[in-house]
Structures are given as C-alpha cells and as structure tokens.
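To start, the structure itself, in structure tokens.
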2 protein chains.
Amino acid sequence: MRKYSRQREALLTELRGRKDHPTAEELYFSLRAVIPNYSLGTVYRNLSDLSTDGIIMKISSGYGPERYDGNIKPHGHFTCTKCGRVYDLDGFYDSHVDTKEMIREIGNSASSKDIASISEIRIMLYGNCVNC
Amino acid sequence: MRKYSRQREALLTELRGRKDHPTAEELYFSLRAVIPNYSLGTVYRNLSDLSTDGIIMKISSGYGPERYDGNIKPHGHFTCTKCGRVYDLDGFYDSHVDTKEMIREIGNSASSKDIASISEIRIMLYGNCVNC
DNA sequence: AACAATAACGATAATTATTATCAAATTTAT
DNA sequence: ATAAATTTGATAATAATTATCGTTATTGTT
C-alpha cells in the first residue's frame with residue numbers, strides 16, 4: 001500500500017507548479033530549498049514511481065537527460081536540439097478540433113503487425129528555440 | 001574533411017539491412033562478426049557522427065537505451081513499454097494521403113512562442129507488442 | 001609508389017545518468 | 001502507544017555513453 005510522504009508531495013507540487021520540464025537534477029536543487037536534506041536518490045525514486053503510475057510524465061527527447069512533466073493531459077512537445085530544453089505545444093490535443101481529430105486518426109492509422117495495444121500517442125517536434 | 005572508413009561503412013550497411021532498431025551494443029555484436037576487433041567506442045562514435053549528420057536516426061523512447069534507425073524517410077514508431085523494442089509504423093507519412101496531410105497540419109498548428117524553427121516532426125506510439 | 005597530413009581506429013579510462021542497498025525515520029492501522 | 005510496512009538519506013553500484021591518446025588507415029600530393 002502506498003504511503004504519503006512529504007518528499008513526494010513536495011516533488012509533485014514543485015513539478016506541477018512550473019511550466020518548464022525539469023531534469024531530475026534541476027528538481028533536486030529546487031527541492032533542497034524546501035527540504036534541505038532531500039536526497040537525489042529519493043528524487044529519482046519518486047520520479048520513477050510517479051511516472052510508472054501515470055501521475056507524471058517522463059519525456060525522452062534524445063537531447064540531454066530525461067525530463068519530467070507534471071501535466072499529464074495529452075499535449076505535444078517541442079525540443080530544442082541546441083539546448084535540450086523541452087516546451088509545451090498547447091495547441092495539440094485540445095485547442096484545435098482539427099488537431100484533436102487528427103491525433104485520433106493517427107491512432108487509427110497505426111499500421112504495424114507487431115502492435116497488440118496502444119496506450120499513448122506522443123508527438124515531438126524538433127528544432128531551435130527562440131532562447132538559443 | 002570526412003574520410004571513408006571500413007567500420008563506418010559496415011555499420012551503415014548493417015543498420016540499413018535490418019528492420020529492427022538496434023541499440024549500440026546490439027550493433028556492436030553484429031559488427032564483431034564482420035570486423036572482429038571492431039571497438040564499442042567506434043560504434044558509439046560512428047552512431048553519433050552519422051545521426052548528427054542526419055544520415056541515420058537516433059530513437060529515444062525512454063524504455064531502455066537509445067536505438068538507431070537506418071531509414072531516415074519520415075515514418076512513425078511504436079515502442080513496447082514491456083520489452084523496449086521499437087517498431088516502424090509504415091502507414092505514417094506515406095501510405096495514407098490523409099496521414100501525410102495530417103502530419104503537415106501538425107507542423108502548421110505548432111503553437112509555442114518559444115519555437116524559432118522546426119526541423120522535424122516525430123510520432124511515437126506506446127503500448128504492448130504482440131511478442132510480449 | 002613513397003610521403004605527409006589528417007581523420008578514424010582500438011583500447012581503455014572517465015564521466016554522466018540512473019538504480020540498488022540498507023539501516024534509520026516516517027507513516028498508517030490497530 | 002505499538003507494531004507493521006513504506007519511505008527516506010547516504011552511499012555504493014551499475015549502465016550507458018563520451019573522452020583520451022598512441023597507433024593505423026585513408027587521402028591528396030610529389
């Protein structure tokens with residue numbers, strides 16, 4: 001049975017309170033400001049547990065370490081190949097009816113004899129960000 | 001100036017000759033059968049150089065180590081969250097005119113004030129494969 | 001063909017990112 | 001308050017990848 005912990009609560013609050021997609025280490029520094037002896041191992045453990053449970057989302061861009069997103073409402077992402085930062089694409093999945101329809105169509109058009117079941121569809125754009 | 005090398009050539013041939021998306025280590029074992037003292041560091045170096053130059057593609061799924069694809073023609077992927085294997089979605093970008101149109105629309109609908117330029121659009125489905 | 005310049009290699013060390021271990025502390029149910 | 005179970009912090013270990021460096025291979029030039 002899962003038990004409450006101040007550390008996991010603080011991690012969730014921190015992650016949900018920011019619009020960027022921090023790495024484990026970035027979260028670690030932020031959380032040390034709240035709970036001074038918060039351990040890096042605990043950050044990793046909680047990130048792993050929470051993303052396995054689908055409470056948060058792990059983002060793998062291929063440009064730098066893993067990043068995490070507190071918003072699990074389906075939405076696209078954009079990775080800057082220069083700095084590795086990941087940004088939200090708020091337009092996807094919700095703003096446009098067309099996009100919503102489009103995403104649904106993607107799942108339907110998935111053609112691979114190897115697929116048994118689909119649980120998620122992710123879209124990642126790559127390019128350069130305005131901050132680089 | 002880039003020079004030819006038997007090792008890089010063999011890597012490209014191997015990667016292009018298979019439909020799976022091998023990890024660096026998997027390629028290393030295959031390549032040792034062709035060039036017995038092929039070094040793992042060389043595998044990594046060539047994979048890095050070739051993907052930086054856009055000759056091959058690095059696939060980051062978040063389930064296991066990085067994988068590589070010798071086919072750079074735009075196409076979607078499917079990751080099995082159980083075994084980490086990555087499969088091609090051949091339907092995307094080419095088979096359906098609708099899908100092609102859809103993907104183009106995705107680029108156009110990309111709404112983030114942080115985007116300076118977009119170089120690539122990737123779609124990754126997650127789920128379980130029939131082999132698991 | 002020999003030569004010089006330079007890029008790539010193999011072997012291995014180092015680094016980075018992440019996971020595992022375990023005794024102590026915290027949480028939860030009784 | 002006590003006991004059982006989970007989580008933690010500190011740290012060790014592992015996995016994946018990158019860097020180093022002396023040697024080898026490739027390429028352009030005599």
Side-chain angles (χ1 to χ4, degrees), chain A residues 1-15 21-53 55-69 79 81-86, chain B residues 1-15 21-53 55-69 79 81-86:
Chain A
M1 191 243 288
R2 158 141 300 167
K3 277 181 185 171
Y4 165 88
S5 90
R6 198 158 82 86
Q7 285 81 349
R8 190 167 45 237
E9 190 63 38
L11 190 157
L12 256 179
T13 302
E14 172 65 24
L15 192 55
H21 303 92
T23 63
E25 207 185 24
E26 284 166 356
L27 281 167
Y28 172 64
F29 286 122
S30 298
L31 290 165
R32 297 278 289 193
V34 183
I35 300 172
N37 60 340
Y38 204 127
S39 169
L40 181 57
T42 299
V43 174
Y44 274 107
R45 179 165 9 83
N46 282 328
L47 286 172
S48 173
D49 292 350
L50 290 169
S51 51
T52 297
D53 294 359
I55 295 163
I56 64 171
M57 189 197 242
K58 184 169 84 165
I59 305 168
S60 307
S61 74
Y63 291 84
E66 305 284 15
R67 291 176 174 274
Y68 297 87
D69 195 339
T79 297
T81 59
K82 230 172 211 161
C83 66
R85 274 175 283 206
V86 172
Chain B
M1 191 241 289
R2 156 143 298 165
K3 278 181 185 172
Y4 166 89
S5 91
R6 198 159 81 85
Q7 285 82 352
R8 189 168 46 238
E9 190 63 37
L11 191 157
L12 256 179
T13 301
E14 171 67 23
L15 191 55
H21 303 92
T23 62
E25 207 185 23
E26 285 166 356
L27 281 167
Y28 172 65
F29 286 122
S30 298
L31 291 166
R32 296 279 289 192
V34 184
I35 301 173
N37 61 341
Y38 204 128
S39 169
L40 181 57
T42 299
V43 173
Y44 273 108
R45 177 161 14 81
N46 282 328
L47 286 172
S48 173
D49 291 352
L50 290 168
S51 51
T52 298
D53 292 0
I55 294 163
I56 64 171
M57 189 196 242
K58 184 169 84 165
I59 306 168
S60 307
S61 74
Y63 290 83
E66 305 284 13
R67 291 175 174 275
Y68 297 86
D69 195 338
T79 297
T81 58
K82 230 173 210 159
C83 66
R85 274 176 284 207
V86 172

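Quick note on labels: first sequence line is chain A, next is B, and so on, each numbered from 1.
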Among [options], which is the nearest nucleotide to the side chain of [X]?
{"X": "K3(B)", "options": "dT28(C), dT27(D), dA17(C)", "answer": "dT27(D)"}
{"X": "S5(A)", "options": "dA16(D), dT8(D), dA17(C)", "answer": "dT8(D)"}
{"X": "Y38(A)", "options": "dA10(D), dA17(C), dG9(D)", "answer": "dG9(D)"}
{"X": "M1(B)", "options": "dG9(D), dG28(D), dT28(C)", "answer": "dG28(D)"}
{"X": "R32(B)", "options": "dT8(D), dT27(D), dA11(C)", "answer": "dA11(C)"}
{"X": "N37(B)", "options": "dT18(C), dT17(D), dG10(C)", "answer": "dG10(C)"}
{"X": "R8(B)", "options": "dT26(D), dT17(D), dA8(C)", "answer": "dA8(C)"}

Spell out, as yes or no, whether a donor-acceptor pair under 3.5 Å connects the side chain of [X] to the backbone of [Y].
{"X": "H21(B)", "Y": "V86(B)", "result": "yes"}
{"X": "T42(B)", "Y": "Y38(B)", "result": "no"}
{"X": "R85(A)", "Y": "T79(A)", "result": "no"}
{"X": "T52(A)", "Y": "S48(A)", "result": "yes"}

Flag side-chain contact, heavy atom, 4.5 Å: R6(A) against I35(A): yes
Just checking [X]: base, sugar-phosphate only, or nothing, at a heavy-atom cut-off of under 4.0 Å?
{"X": "R45(A)", "value": "base"}
{"X": "E25(B)", "value": "nothing"}
{"X": "Y44(A)", "value": "base"}

Does the side chain of [X] get closer than 4.0 angstrom to OP1 or OP2 of [N] through an N or O atom?
{"X": "R6(B)", "N": "dC9(C)", "result": "no"}
{"X": "T42(B)", "N": "dG10(C)", "result": "yes"}
{"X": "Q7(A)", "N": "dT26(C)", "result": "no"}

Specify the separation, in whole Å, of atom [atom1] of [X] and atom [atom2] of [N].
{"X": "E26(B)", "N": "dT17(D)", "atom1": "CD", "atom2": "P", "result": "11 Å"}
{"X": "L50(A)", "N": "dT6(D)", "atom1": "CG", "atom2": "P", "result": "17 Å"}
{"X": "L11(B)", "N": "dC9(C)", "atom1": "CG", "atom2": "P", "result": "9 Å"}
{"X": "Y28(B)", "N": "dT18(D)", "atom1": "OH", "atom2": "C1'", "result": "16 Å"}
{"X": "L12(B)", "N": "dA8(C)", "atom1": "CG", "atom2": "P", "result": "13 Å"}
{"X": "L40(B)", "N": "dA16(D)", "atom1": "CG", "atom2": "C1'", "result": "9 Å"}
{"X": "E9(A)", "N": "dT27(C)", "atom1": "CD", "atom2": "P", "result": "11 Å"}
{"X": "L47(A)", "N": "dT7(D)", "atom1": "CG", "atom2": "P", "result": "15 Å"}

Whichever of N46(A) and K58(B) has its nearest DNA chain D nucleotide further upstream toward 5':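 Going by which nucleotide is closer to the 5' end, it is N46(A).
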Derivation of the side-chain contact (heavy atoms from CB on, under 4.5 Å) call for R2(B) and D49(B): CA-CA 10 Å; R2(B) 156 143 298 165; D49(B) 291 352; 3.5 Å; yes
